[in-house]
Amino acid sequence: MKKVLSILFIYLISLSLNAVEQLTESELRELTQQFIAAKNQRQQPDSTQKDVEHFLSFLADEFKDEHVKFNVTVTSKNELRSGMLAKLEDEIHFSNIDILEIMVGRNVTFVKFKEHAKGQPSHMDKPIEYTAINIMSLEFNDLGKIKHIRRHHGL
């Protein structure tokens, strides 16, 4: 009887360990590329609310988005949506994001990207242009949704 219970116990433990499957490296790379493409698309001169919603579709229902340099954390899709929709009022001349490198870990990626943009925020009287290299970490849940973003500004 003890043997049967031991075997049953080991079997149940192995089933529960296998239930949470890790995303593969290729899945993580593809999700990261799609997320960065959605980030880029929501910052174009012709961006719409649909682009904002597509971007938000990559996020888990419960997520954390941290802008490390500015010590800002957002955990509400409604708050994030509101800020992004407000930015649609800005005049965007162009925006381009190029992925420079993706590093993959267990259900996490680190993406280094170059961002070059020009626009005039609605609260400013003249346009600004910038080029920056940034690093972002993306932690994924087992469903492939982003549960934690950490944005690090580059040099």
Side-chain angles (χ1 to χ4, degrees), residues 16-155:
S16 67
L17 289 176
N18 289 330
V20 178
E21 292 187 29
Q22 301 300 314
L23 298 169
T24 67
E25 180 178 352
S26 62
E27 289 171 325
L28 289 166
R29 285 184 184 279
E30 180 64 26
L31 286 168
T32 299
Q33 290 168 342
Q34 290 174 6
F35 177 74
I36 295 297
K39 174 179 171 33
N40 192 43
Q41 185 53 46
R42 70 169 181 81
Q43 301 175 152
Q44 298 303 311
D46 61 347
S47 293
T48 66
Q49 183 172 352
K50 183 178 177 184
D51 297 314
V52 169
E53 293 304 324
H54 178 64
F55 175 86
L56 293 172
S57 74
F58 286 90
L59 304 178
D61 290 337
E62 292 184 21
F63 72 96
K64 184 185 281 189
D65 183 358
E66 292 182 83
H67 292 258
V68 176
K69 179 180 178 178
F70 302 113
N71 197 28
V72 173
T73 300
V74 178
T75 58
S76 161
K77 279 190 183 181
N78 287 334
E79 181 181 353
L80 195 56
R81 177 183 292 111
S82 177
M84 289 179 185
L85 292 175
K87 286 186 177 185
L88 291 179
E89 301 301 317
D90 295 346
E91 181 183 340
I92 303 297
H93 297 273
F94 64 85
S95 180
N96 187 52
I97 300 175
D98 292 315
I99 295 174
L100 303 174
E101 184 177 358
I102 298 175
M103 294 174 54
V104 179
R106 177 174 267 178
N107 278 8
V108 66
T109 60
F110 296 86
V111 58
K112 181 179 179 181
F113 58 94
K114 180 179 180 181
E115 190 168 14
H116 183 203
K118 182 176 182 180
Q120 183 170 337
S122 57
H123 66 279
M124 297 180 75
D125 59 350
K126 63 181 182 175
I128 58 169
E129 183 173 350
Y130 68 93
T131 301
I133 295 179
N134 297 310
I135 298 170
M136 182 185 302
S137 66
L138 305 171
E139 291 182 41
F140 295 86
N141 65 20
D142 56 338
L143 301 173
K145 297 290 185 179
I146 298 169
K147 64 181 183 178
H148 195 168
I149 301 170
R150 287 182 54 94
R151 302 168 191 259
H152 300 273
H153 290 260
L155 302 172

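Residues: numbered from 1 along the sequence shown.
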| note | CZ of Phe94 to CD of Gln44, rounded to nearest 0.5 Å, is 10.5 Å
| Pairwise side-chain contact, Val52 with Ser47, heavy-atom cut-off 4.5 Å (strictly under) | no
| query | Do any N or O atoms from the side chain of Thr109 and from the backbone of Val111 form a donor-acceptor pair under 3.5 angstrom? | reply | no
| query | To the nearest 0.5 Å, what is the distance between CD (Gln33) and CD1 (Ile102)? | reply | 4.5 Å
| message | How about NZ on Lys39, more than 12 heavy atoms from neighbouring residues, nucleotides or ligands closer than 6.0 Å, or not? | response | yes
| Less than 4.5 Å apart, any side-chain heavy atom of Leu59 and any of Ile149? | yes
| message | So, taking the atom named CG in Asp98 and the one named NE2 in His116, what distance separates them when rounded to the nearest 0.5 Å? | response | 10.5 Å
| task | Check whether any side-chain heavy atom of Leu31 lies under 4.5 Å from a side-chain heavy atom of Gln34, and answer yes or no. | result | yes
| message | Treating Ser82 as the side-chain partner and Asn78 as the backbone partner, does any N or O pair qualify as donor plus acceptor under 3.5 Å? | response | no
| remark: Here the gap from Ile99 atom CD1 to Met136 atom CE, rounded to the nearest 0.5 Å, amounts to 10.0 Å
| Taking everything shown except Gln49 itself, do over 12 heavy atoms lie less than 6.0 Å from its CD? | no
| task | Mark yes when over 12 heavy atoms from residues, nucleotides or ligands other than Glu62 sit less than 6.0 Å from its CD; otherwise mark no. | result | no
| Do you know which two heavy atoms are closest between Lys145 and Ser57, and how far apart they sit? | NZ-O, 2.5 Å
| note | Closest non-hydrogen atoms of Asn141 and Ala60, given as atom of the first, atom of the second and distance, are ND2-CB, 3.7 Å
| query | Only one of Glu53, Arg42, Glu79 forms a side-chain contact (heavy atoms from CB on, under 4.5 Å) with Met84, so which one is it? | reply | Arg42
| task | Examine distances only and state if a side-chain atom of Lys114 and a backbone atom of Asn96 form a donor-acceptor pair shorter than 3.5 Å. | result | no
| said: For Asn71, I'd like to know if atom CG has over 12 heavy atoms of other residues, nucleotides or ligands within 6.0 Å. | reply: no
| query | Does a salt bridge link Glu139 with Arg150, judged by any charged N lying under 4.0 Å from a carboxylate O? | reply | no
| For the student: nearest non-hydrogen atoms of Lys147 and Phe140, plus distance | CE-O, 3.9 Å
| note | Closest non-hydrogen contact found for Gln43 with Ser95 is O-CB, 3.1 Å
| Heavy atoms from other residues, nucleotides or ligands near NZ of Lys112 exceed 12 (cutoff 6.0 Å) | no
| said: I'd like to check Arg81 versus Leu56 (side-chain heavy atoms, cut-off strictly below 4.5 Å). Are they in contact? | reply: yes
| request: Indicate whether the side chain of His93 and that of Gln120 have a donor and an acceptor atom separated by less than 3.5 Å. | output: no
| task | Report the distance from atom OG of Ser137 to atom NE2 of His152, rounding to the nearest 0.5 Å. | result | 5.0 Å
| message | With a 4.5 Å cut-off on side-chain heavy atoms, are Gln41 and Phe55 touching? | response | no
| remark: Interatomic distance, CG@Leu138 vs CG@Asn107, rounded to 0.5 Å, equals 12.0 Å
| Please walk me through it: do Ile146 and Phe63 pass side chain to side chain contact (heavy atoms under 4.5 Å, CB included)? | CA-CA 7 Å; Ile146 298 169; Phe63 72 96; 5.9 Å; no
| Is there side-chain contact between Glu115 and Asn40, with at least one heavy-atom pair below 4.5 Å? | no
| request: Determine the interplanar angle of the Phe58 and His54 rings, folded into 0 to 90°, and report it as parallel if under 30°, tilted if 30 to 60°, perpendicular if over 60°. | output: perpendicular
| Taking the side chain as C-beta and beyond, is there a heavy-atom pair between Val104 and Arg29 under 4.5 Å? | yes
| field | Side-chain heavy atoms of Asp65 within contact of Arg151, under 4.5 Å | value | yes
